[in-house]
Amino acid sequence: MNETLKRALSGAVYIVLLLTSILYSTESFIILFGVFLIIATYEFCNLAHINKIFSILFVSIFYSTISLISFYKNETENYINKFLKDDIKFTINIDQLNTALLVITLLISVKCIVFLFDDTQSISKVSKYIYLLGYITLPFIFITKISFGVKDYNPKIIIGLFILIWTNDTFAYLVGKSMGKHKLFERISPKKTIEGFLGGVVFACFAGYLISKLYIKPNPNFSEMSILIWTIIALIVGVFGTIGDLIESKFKRIAGVKDSGTIMPGHGGVLDRLDSVIFVAPIVFLFYQILNYVS
């Protein structure tokens with residue numbers, strides 16, 4: 001099969017699967033990203049050379065537990081309280097849980113950025129499992145959490161985020177290929193250019209404007225605020241999405257491979273497709289928490 005056709009078909013399947021799961025229900029969205037997490041974990045284990053069985057069991061249990069606690073709080077509390085004494089009542093504080101997970105994720109994200117700029121070509125075993133937690137597992141949890149915005153599940157939020165990711169990636173490539181002269185981070189990704197990076201950010205901001213005006217359709221009284229919100233999210237995508245892509249490139253460079261996997265013909269692995277969004281998700285979640293606090 002022609003390589004371009006193969007790439008187009010696998011990309012189309014990925015987009016259809018993604019949009020269907022997001023639009024169908026909260027449960028299908030959570031389950032799909034749980035599956036993506038398991039595949040990404042398998043791919044990361046291959047890159048980092050750590051135990052696959054333990055890692056997959058850990059992320060599966062962790063993701064399932066946090067999802068149950070976060071999205072089915074009352075049901076989880078009632079189930080656990082059935083097994084406790086009458087004078088003991090188990091309660092869950094979601095805000096405290098989110099804060100703790102976010103702090104851990106952001107600290108490990110800083111470690112990832114330090115790792116990106118560090119010249120070392122080796123990773124300690126402890127660091128590999130820290131990255132598994134904060135670079136792989138927790139960001140997938142925040143992908144599901146940001147779909148709730150500041151209140152209820154809203155598929156438009158996560159679809160809008162992916163549109164920004166795809167816009168940034170596409171135009172960074174097109175602008176970089178046509179106009180790129182200055183390398184962005186040649187040691188890690190020789191093809192990325194400063195011009196491409198800036199082009200991706202500019203077009204992502206324009207896409208954010210269109211999303212806020214044509215797709216989200218906010219209350220007219222808050223239209224200007226919506227434009228500002230989606231422009232900020234676009235900037236977050238442009239900057240931190242690029243950093244996430246570079247971090248995954250360094251993992252692959254150390255492992256000596258081109259792609260994280262082969263599950264998507266012409267595109268590589270799940271981690272190759274989601275490397276930007278997993279680094280962006282915790283930052284966007286933090287942004288929504290700030291919006292919630294301010295409002």
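We use all heavy atoms of the structure for the numbers below, so side chains are in, but hydrogens, waters and symmetry mates are not.
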Might you point out which heavy atoms bring R187 and F117 nearest each other, and give the distance in Å? NH2-O, 3.7 Å

If you measure only the distance, is there a donor-acceptor pair under 3.5 Å linking the side chains of D272 and S260? yes

Closest approach of S212 and I227, non-hydrogen atoms and distance? OG-CG1, 3.3 Å

Drop me the distance from L271's CG to N46's CG, to the nearest 0.5 angstrom. 11.0 Å

Begin with the C-alpha distance, continue with both residues' side-chain angles, and end with the deciding distance and a verdict on side chain to side chain contact (heavy atoms under 4.5 Å, CB included) for I94 and I69. CA-CA 8 Å; I94 298 297; I69 291 173; 4.0 Å; yes

Check whether more than 12 heavy atoms from other residues, nucleotides or ligands sit under 6.0 Å from atom OH of Y129, and answer yes or no. yes

Return the orientation label for the F44 and F251 ring planes: parallel under 30°, perpendicular over 60°, tilted otherwise. perpendicular

Rounded to the nearest 0.5 Å, the OG atom of S276 sits from the CG atom of L164 at a distance of 12.0 Å

Any chance the side chains of K145 and S70 put a donor and an acceptor closer than 3.5 Å? yes

More than 12 non-hydrogen atoms from neighbouring residues, nucleotides or ligands closer than 6.0 Å to CD1 on I263, yes or no? no

Quick one: does D259's side chain have a donor or acceptor within less than 3.5 Å of a partner on G261's backbone? no

Y209, OH: over 12 other non-hydrogen atoms inside 6.0 angstrom: no

What's the separation between atom OG1 in T193 and atom CG in L198, rounded to the nearest 0.5 Å? 8.5 Å

With a 4.5 Å cut-off on side-chain heavy atoms, are I66 and L97 touching? yes

Would you say L133 and F58 make side-chain contact, with heavy atoms under 4.5 Å? yes

F197 atom CZ, over 12 foreign heavy atoms within 6.0 Å: yes

Check the side chains of S28 and S25 for a donor-acceptor pair under 3.5 angstrom, ignoring hydrogens and angles. yes

For F33, give me all partners under ring-ring contact (aromatic ring centres under 6.0 Å, His included), at least two apart in sequence or on another chain. F29, F36

Does a sphere of radius 6.0 Å around NZ in K52 hold more than 12 heavy atoms from other residues, nucleotides or ligands, not counting ones at 6.0 Å or beyond? yes

Show me the donor-acceptor pairs within less than 3.5 Å that the side chains of residues 103-115 make with the rest of the protein, sequence neighbours left out.
| unit_1 | atom_1 | unit_2 | atom_2 | d |
| --- | --- | --- | --- | --- |
| T105 | OG1 | L101 | O | 2.7 |
| S109 | OG | T105 | O | 2.9 |
| K111 | NZ | S127 | OG | 3.3 |

Could you grab the distance from atom NZ of K250 to atom OG of S189, nearest 0.5 Å is fine? 13.5 Å

One should read off an interatomic distance between I233 CD1 and W230 CH2, to the nearest 0.5 angstrom, of 4.5 Å

